[in-house]
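Please read these numbers as outputs of a predicted model, since none were measured by experiment. In each ligand, atom 1 is the first atom listed, and ligand 1 is the first ligand listed.
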Amino acid sequence: MSCRRGALIVLEGVDRAGKTTQCQTLVQALQQSGRPAEIMRFPDRTTKIGQLINSYLEKKSNLEDHTVHLLFSANRWEMVPLMKQKLEQGITLVVDRYAFSGVAFTSAKPGFSLEWCMKPDVGLPKPDLVMFLQLNPSMAANRGEFGIERYETSDFQRTVSQRFEELMQDSSINWKVIDAARTIEEVHKDIKLLSEDILSLAENQPVGELWK
Ligand code: ADP
Ligand code: 2DT
């Protein structure tokens, strides 16, 4: 490992909490202050596995629930060599959804335990910081209608929120809850401060292994 690695920073939250907006704003802010940073998002719909997932999310194909869960996980694993390489080069990765979305969404389906859902992602690069953008469903609804993709219904999203709450009880993960009901600038200010702190902490530590 080089002595100053980049940090692995994840943004999670319900639909329309502002994850994509904040990931982009954070990467720009880090770059402007001279810190190399790049955005990543999961699912990464550009790979072969990502295309299968995309077609499933757009309801153009059906996949068995366990199968699609494993595909989402495989879509993260296929990016691990690149992620490690970038972190070692000193590039901070700001990631829009990660394994936590994977677990929260599948375990919101009947018959799936958190435990089972976590297994395929055990050992992934462990985020140095996971910021959960918290927004209640009525505020989220004010930010636009649901689209037509799979999972975009208020009932399902409510269960997903409950699963995220359960995941946030895990003290092995550096969770920070962010009040996402404020303006884009106010939310960004908090996210930037937390990220700058973690950058200096992470640079001298090896990347951890998730849920191990
Ligand atoms: P997500 O990636 O969590 O689904 P987005 O960043 O795509 O959320 O934001 C969803 C919508 O809400 C977009 O139209 C975006 O411009 C808007 N938005 C994002 N953050 C805020 C905010 N703090 N206040 C009001 N609207 C916001
Ligand atoms: P976007 O709208 O952010 O592209 O998300 N999802 C995501 C899962 O079910 N499992 C996963 O592992 C991940 C990363 C959340 C697309 C949808 O895919 C869901 C919403």
Next item on the list: Check each heavy atom of Gln22 against ligand 1 and say whether those closer than 4.0 Å belong to the side chain, the backbone, both or neither.
Entry: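 Neither part.
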Margin query: Counting only heavy atoms closer than 4.0 Å, does ligand 1 sit against the backbone of Thr183, its side chain, both, or neither?
Written below: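 The backbone, only.
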Next item on the list: Would you sort out whether Arg76 and Met40 count as a side-chain contact (heavy atoms from CB on, under 4.5 Å), showing the intermediate values?
Entry: CA-CA 11 Å; Arg76 284 182 279 280; Met40 287 188 89; over 6 Å; no
Checklist line | Side-chain H-bond candidate by donor/acceptor type, Lys126 with Tyr98, under 3.5 Å | finding: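 On atom types as modelled, these side chains do not qualify, holding no pair under 3.5 Å.
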Next item on the list: Report yes or no: do Asn136 and Ser138 form a side-chain donor-acceptor pair below 3.5 Å?
Entry: yes
Item checked: Evaluation steps, side-chain contact (heavy atoms from CB on, under 4.5 Å), between Arg163 and Phe105 -> CA-CA 8 Å; Arg163 296 295 174 264; Phe105 276 74; over 6 Å; no
For [atom], which protein heavy atom lies nearest, and how many Å away is it?
atom                    : value
atom 20 (N) of ligand 1 : Ile184 CG1, 3.6 Å
atom 25 (C) of ligand 1 : Arg143 NE, 3.6 Å
atom 8 (O) of ligand 1  : Gly18 N, 3.1 Å
atom 7 (O) of ligand 1  : Thr20 CB, 4.0 Å
atom 4 (O) of ligand 1  : Arg16 N, 2.8 Å

If you compare all heavy atoms of [X] against all heavy atoms of [Y], which two are closest, and at what distance to 0.1 Å?
X     : Y      : answer
Leu11 : Ile191 : CD2-CD1, 4.0 Å
Ile39 : Cys23  : CD1-CB, 3.4 Å
Leu8  : Leu87  : N-CD2, 4.1 Å

Under-4.0 Å salt bridge between [X] and [Y]:
X      : Y      : result
Lys119 : Glu115 : no
Asp197 : Lys176 : no
Asp15  : Arg97  : yes

I'd like to check whether [X] has a polar contact with ligand 2, where a contact means an N/O of the residue lying under 3.5 Å from an N/O of the ligand.
X     : answer
Arg76 : yes
Arg41 : yes
Arg97 : yes

Item checked: atom 13 (C) of ligand 1: any protein heavy atom closer than 4.0 Å ->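 So far as the 4.0 Å threshold goes, atom 13 (C) of ligand 1 is out of reach of every protein heavy atom.
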Check: Under the 4.0 Å line, does any protein heavy atom show up next to atom 23 (N) of ligand 1?
Finding: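 It does; a protein heavy atom is within 4.0 Å.
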Checklist line | Proximal ligand 2 atoms for Tyr151, defined as those under 4.0 Å from one of its heavy atoms | finding: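 Atoms satisfying the 4.0 Å criterion: 9 (O).
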Next item on the list: Could you list which atoms of ligand 2 come closer than 4.0 Å to a heavy atom of Leu57?
Entry: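 So the answer, numbered in order with elements, is 16 (C), 17 (C), 18 (O).
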Check: Any heavy atom of Gly144 sitting closer than 4.0 Å to ligand 1?
Finding: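 It does not; every heavy atom stays at 4.0 Å or beyond.
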Next item on the list: Give a yes/no verdict on whether any heavy atom in Glu186 is under 4.0 Å from an atom of ligand 1.
Entry: no
Hey, is ligand 1 close enough to [X] that some N/O pair sits below 3.5 Å?
X      : value
Arg182 : yes
Asp15  : no
Val187 : no

Greater than 12 external heavy atoms within 6.0 Å of [X]'s [atom1]:
X      : atom1 : result
Ile148 : CD1   : no
Glu145 : CD    : no
Gln85  : CD    : yes
Lys109 : NZ    : yes

Item checked: Thr21 neighbourhood, listing ligand 1 atoms whose heavy-atom distance to it stays under 4.0 Å ->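 Close to Thr21: 5 (P), 6 (O), 9 (O), 15 (C), 19 (C).
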Next item on the list: For Lys19, take its heavy atoms, then give the atoms of ligand 1 lying under 4.0 Å from any of them.
Entry: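 So the answer, numbered in order with elements, is 1 (P), 2 (O), 3 (O), 4 (O), 6 (O), 8 (O).
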Check: Under a heavy-atom criterion of less than 4.0 Å, does Glu152 contact ligand 2?
Finding: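 Distance cut 4.0 Å: Glu152 fails for ligand 2.
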Notebook entry, point to check: Below 6.0 angstrom between ring centroids: does that apply to Phe112 and His66?
Noted result: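 When the ring centroids of Phe112 and His66 are compared, they turn out to be within the sub-6.0 Å range.
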Note to self: Please classify the Arg45 to ligand 2 contact at 4.0 Å (heavy-atom distances, strictly less than): side chain, backbone, both or neither.
What the structure shows: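 For Arg45, the contact with ligand 2 is made by the side chain alone.
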Checklist line | Residue part near ligand 2, for Val68, under 4.0 Å between non-hydrogen atoms | finding: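 The answer is neither; Val68 stays 4.0 Å or more away.
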Note to self: As a check for students: among Phe42, Phe105, Tyr98, Phe100, identify the option with a heavy atom nearest to atom 9 (O) of ligand 2.
What the structure shows: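 The nearest heavy atom belongs to Phe105.
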